[in-house]
Amino acid sequence: MQNIRTIRFDERTCLAVEAALDSATIDQLGIPESDIRNPAVSSSYRSLKTSRPNQTVLDAQAKVCTGPTQTKPLGEEQAFKVLDTILRSAKGELKDEEEVSKAQLGAFFAAMTIRANSFPEETQWSEGERRAMNTFWPLLVRALPSDVIFIADPEGSTMGVGSSIGPQFVGNDYSEMRLVGALREVLAGGHLGYEEVQGVLRDVLPLKLEHKKSAEVSESLLSAFLIGQRMNRETDRELKAYCLAFDDEVGPPPVANVRSLTHYGEPYDGNTRYFRSTLFVAAIRSCYGESCLLHGVEWMPPKGGVTEEQMLKFMGANTYLSPSQAKELLEDEKVGFAYVSQREAQPSVYSLIGLREHIKKRPPLATSEKVQQFVRASGREAIVAGFYHEGYEEPLLMLMKRRGVHSGLVVKGEEGALSMTTRLRSVNSSKGLPVNYCSGFRSLSRASAFEIDGVSRESFSLEVNAKDYGIGPTDTPRTDRSVSRNIQLGLAALRGEKGPAYDRIVLNAGMVDHLLGCDGADDISSALDRAREAIDSGKALERLLNYIKISQKVK
């Protein structure tokens with residue numbers, strides 16, 4: 001078991017701890033204050049081992065490394081600045097964080113190539129981008145490595161200056177050759193088969209892991225592949241490949257002897273603005289037999305927001321649990337919920353965090369990693385996941401059905417998180433699906449999930465309005481990357497302090513119970529009352545404190 005680092009607290013740090021955990025709670029935990037790791041802001045959890053990307057190129061990636069309708073072509077001034085930066089970096093004139101990484105080069109030039117080959121006219125190259133490329137390409141083709149030249153001009157015709165490097169490029173070994181073959185299709189705006197995507201991922205990952213030789217593959221090629229698949233809008237078979245590729249990496253998932261298990265798929269990159277309530281919802285639902293498995297990472301780009309792992313580590317919980325140890329906590333009658341880090345369950349996928357920061361935009365993994373089952377259950381299983389961009393709700397539900405669960409639910413929460421808000425919908429809200437939109441399916445049969453056919457499932461979609469269930473409208477509490485503030489709000493609510501955080505937690509516990517078709521939740525009012533009772537009786541807080549203590553003792 002990983003030992004928690006002991007840190008000397010200065011006065012300012014101690015005040016931050018006290019703001020989130022009062023002395024009574026710390027006494028209950030039985031953990032000395034000196035053993036609580038306490039960066040107060042989510043950005044402080046970023047690994048110092050990872051180099052930062054070049055900001056000039058990253059700003060351009062934010063505009064061009066996105067979908068056919070979302071891409072914003074660069075103006076001439078920005079395009080000239082970006083290509084000049086890339087040229088100077090390739091010639092060795094930029095050092096440290098000013099250097100443009102291989103991953104950035106791959107992502108940027110893949111975006112430019114895909115836009116030229118397959119995007120609609122309004123998101124193809126601007127006149128300014130074209131003039132900048134005409135000016136710089138003759139210089140870049142002499143300075144860039146061959147893999148990047150291939151990405152920028154795979155057929156030797158995109159740039160208008162004939163080059164044989166792209167058409168003849170094959171890679172350096174078998175893994176890279178397979179990646180290059182797949183990437184040629186992606187750069188042309190095409191799609192790949194299920195086996196082809198899985199084969200590439202298994203060949204090239206883990207990218208880098210301590211104490212283990214990493215696959216010899218170009219980061220430029222891999223980043224081009226990941227961002228290219230997202231820009232082309234992944235097909236169902238491609239997303240399934242990402243979702244299932246590393247299911248058994250650390251062995252078959254253990255089976256917990258519980259009657260009901262909900263897997264929570266929050267966005268791994270966290271919340272930067274609003275209260276993140278899922279950890280506290282899990283503590284509530286565990287009180288009446290609805291076991292919950294949370295999963296994620298400590299820190300993830302592009303948002304680098306507050307995550308469940310940060311909160312648990314802040315409070316002194318063990319965040320290095322294996323799936324087998326999580327199974328023990330799910331079965332423990334004093335706990336009933338657990339958290340598993342991607343680091344422990346899928347180290348190959350976890351190895352991409354640094355590269356994902358340099359890609360800038362979310363790769364297909366940002367969708368598929370939310371639909372994981374690191375522990376299975378002997379009873380009924382459900383998956384809940386959050387989404388933001390319209391069009392991804394159906395692929396997420398498709399992946400849930402592919403997992404064979406009894407019930408599935410997607411929620412458009414604030415910041416793309418899966419929790420519903422109690423605030424009123426703004427009259428000036430953006431087009432598309434509103435916040436609190438929910439869609440899903442639930443089984444009408446008690447048979448094994450894998451025996452259920454489509455006829456046995458009931459599909460639904462709705463917009464949840466808290467006011468309809470007697471919960472008055474309130475603005476969602478802001479946390480602004482503060483881990484301690486998020487914990488402070490959650491603990492206050494679990495102590496029974498009424499207010500926006502309390503209402504939000506109750507709404508999400510009760511509505512998830514109802515929408516997933518959980519026992520005793522057919523009536524929404526009864527489901528909400530059950531959640532309130534779990535808080536007001538003190539049971540939910542006790543469950544959370546038990547988790548923190550017992551997680552440190554599992555073997």
Side-chain angles (χ1 to χ4, degrees), residues 42-43 45 262-285 292-312 337 339 342 362 365-372 382-393 395-397 399-400 408-423 425-426 429-430 432-440 463-464 466 474-483 485-487 489-490 493 500-512 515-516:
S42 64
S43 56
Y45 285 84
T262 304
H263 304 265
Y264 275 91
E266 282 277 20
Y268 275 24
D269 60 352
N271 284 34
T272 58
R273 292 177 292 162
Y274 297 114
F275 175 53
R276 190 163 167 115
S277 61
T278 299
L279 173 61
F280 310 102
V281 170
I284 290 170
R285 297 185 70 229
C292 302
L293 183 67
L294 315 180
H295 54 93
V297 294
E298 185 173 73
W299 180 90
M300 176 69 80
K303 286 168 66 173
V306 174
T307 65
E308 284 73 29
E309 187 163 336
Q310 290 172 11
M311 288 188 277
L312 287 167
F337 71 97
Y339 171 83
Q342 185 187 66
R362 295 173 179 85
L365 289 161
T367 298
S368 62
E369 64 199 0
K370 291 185 284 192
V371 189
Q372 299 300 317
I383 298 177
V384 186
F387 77 100
Y388 180 77
H389 292 291
E390 190 168 355
Y392 277 95
E393 62 276 15
L396 282 167
L397 291 172
L399 292 176
M400 294 177 191
L409 173 66
V410 293
V411 179
K412 183 174 179 179
E414 289 169 318
E415 298 191 67
L418 60 78
S419 55
M420 293 164 250
T421 177
T422 57
R423 70 178 174 85
R425 185 181 182 188
S426 171
S429 59
S430 58
L433 297 173
V435 172
N436 280 21
Y437 172 84
C438 298
S439 181
E463 179 185 348
V464 173
T474 52
D475 289 336
T476 306
R478 291 192 69 103
T479 56
D480 298 314
R481 296 185 187 272
S482 171
V483 180
R485 175 62 178 159
N486 207 103
I487 296 171
L489 287 164
Y502 178 99
D503 289 344
R504 184 184 179 95
I505 292 171
V506 166
L507 176 69
N508 281 278
M511 285 304 304
V512 165
L515 294 175
L516 293 179

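With hydrogens and angles ignored, the 3.5 Å screen pairs a side-chain donor or acceptor of Lys370 with a backbone N or O of Gly386. Side chain of Asn436 to main chain of Met420: no donor-acceptor pair is present (N/O by atom type, distance under 3.5 Å, no hydrogens or angles). The closest donor-acceptor contact from the side chain of Lys303 to the backbone of Glu415 lies under 3.5 Å. Checking side-chain atoms of Ser439 against main-chain N and O of Val410 turns up no donor-acceptor pair under 3.5 Å. Checking side-chain atoms of Thr307 against main-chain N and O of Trp299 turns up no donor-acceptor pair under 3.5 Å. Between the side chain of Gln342 and the backbone N or O of Gly296, no donor-acceptor pair lies under 3.5 Å. Judged purely by atom type and a 3.5 angstrom limit, His263 has no side-chain atom pairing as donor or acceptor with the backbone of Leu294. When atom types are taken as modelled, the side chain of Glu393 and the backbone of Gly391 share a donor-acceptor pair closer than 3.5 angstrom.
Classified by interplanar angle (parallel below 30°, tilted 30° to 60°, perpendicular above 60°), the ring pair His295/Tyr268 is perpendicular.
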Any chance you could lay out the side chain to side chain contact (heavy atoms under 4.5 Å, CB included) test for Gln310 and Asn486, step after step, and finish with the verdict? CA-CA 10 Å; Gln310 290 172 11; Asn486 207 103; over 6 Å; no

Side chain to side chain contact (heavy atoms under 4.5 Å, CB included), that's the test. Do Tyr502 and Phe280 meet it? Break it down for me. CA-CA 10 Å; Tyr502 178 99; Phe280 310 102; over 6 Å; no

Passes side chain to side chain contact (heavy atoms under 4.5 Å, CB included), Val281 versus Val512? Steps please. CA-CA 10 Å; Val281 170; Val512 165; 5.8 Å; no

Test side chain to side chain contact (heavy atoms under 4.5 Å, CB included) applied to Leu279 and Phe337, step by step: CA-CA 9 Å; Leu279 173 61; Phe337 71 97; 4.0 Å; yes

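The CE atom of Met311 sits 11.0 Å away from atom OG of Ser42, with the distance rounded to the nearest 0.5 Å. The CG atom of Leu312 sits 11.0 Å away from the CD atom of Glu298 when rounded to the nearest 0.5 Å. Here the SG-CG distance, from Cys438 to Leu418, works out to 9.5 Å after rounding to the nearest 0.5 Å. Taking CG of Asp480 as the reference point, atom OH of Tyr274 lies at 9.0 Å (rounded to 0.5 Å).
Defined by atom type and a distance below 3.5 Å, a donor-acceptor pair is present between the side-chain atoms of Thr476 and Glu414. A donor-acceptor pair shorter than 3.5 Å can be found between the side chains of Arg285 and Tyr264. At a cut-off of 3.5 Å, with distance as the only test, a side-chain donor of Thr474 or Thr422 sits close to an acceptor on the other residue.
Closest approach of Pro267 and Gly416 over heavy atoms only: CG-O, 3.1 Å. Across all non-hydrogen atoms, the minimal contact from Asp269 to Pro302 is OD2-CD, 3.4 Å. Looking at every heavy atom in both residues, Ser419 comes nearest to Asn508 through CA-OD1, 3.1 Å. For Met400 against Gly408, the heavy-atom pair with the smallest separation is SD-CA, 3.6 Å. Scanning both residues, Leu507 and Ala466, for their nearest heavy atoms gives CD2-CB, 4.0 Å. Considering all non-hydrogen atoms of both residues, Met300 and Val297 come closest at CB-CG2, 3.6 Å.
In this view, Arg481 satisfies the side-chain hydrogen bond (donor to acceptor under 3.5 Å, both in side chains) rule with no residue, not counting sequence neighbours. Not counting sequence neighbours, the partners of Glu308 by the side-chain hydrogen bond (donor to acceptor under 3.5 Å, both in side chains) test are Arg276.
Within the 4.5 Å cutoff, the side chain of Tyr388 has heavy atoms near those of the Lys412 side chain. Within the 4.5 Å cutoff, the side chain of Ile505 has heavy atoms near those of the Phe275 side chain.
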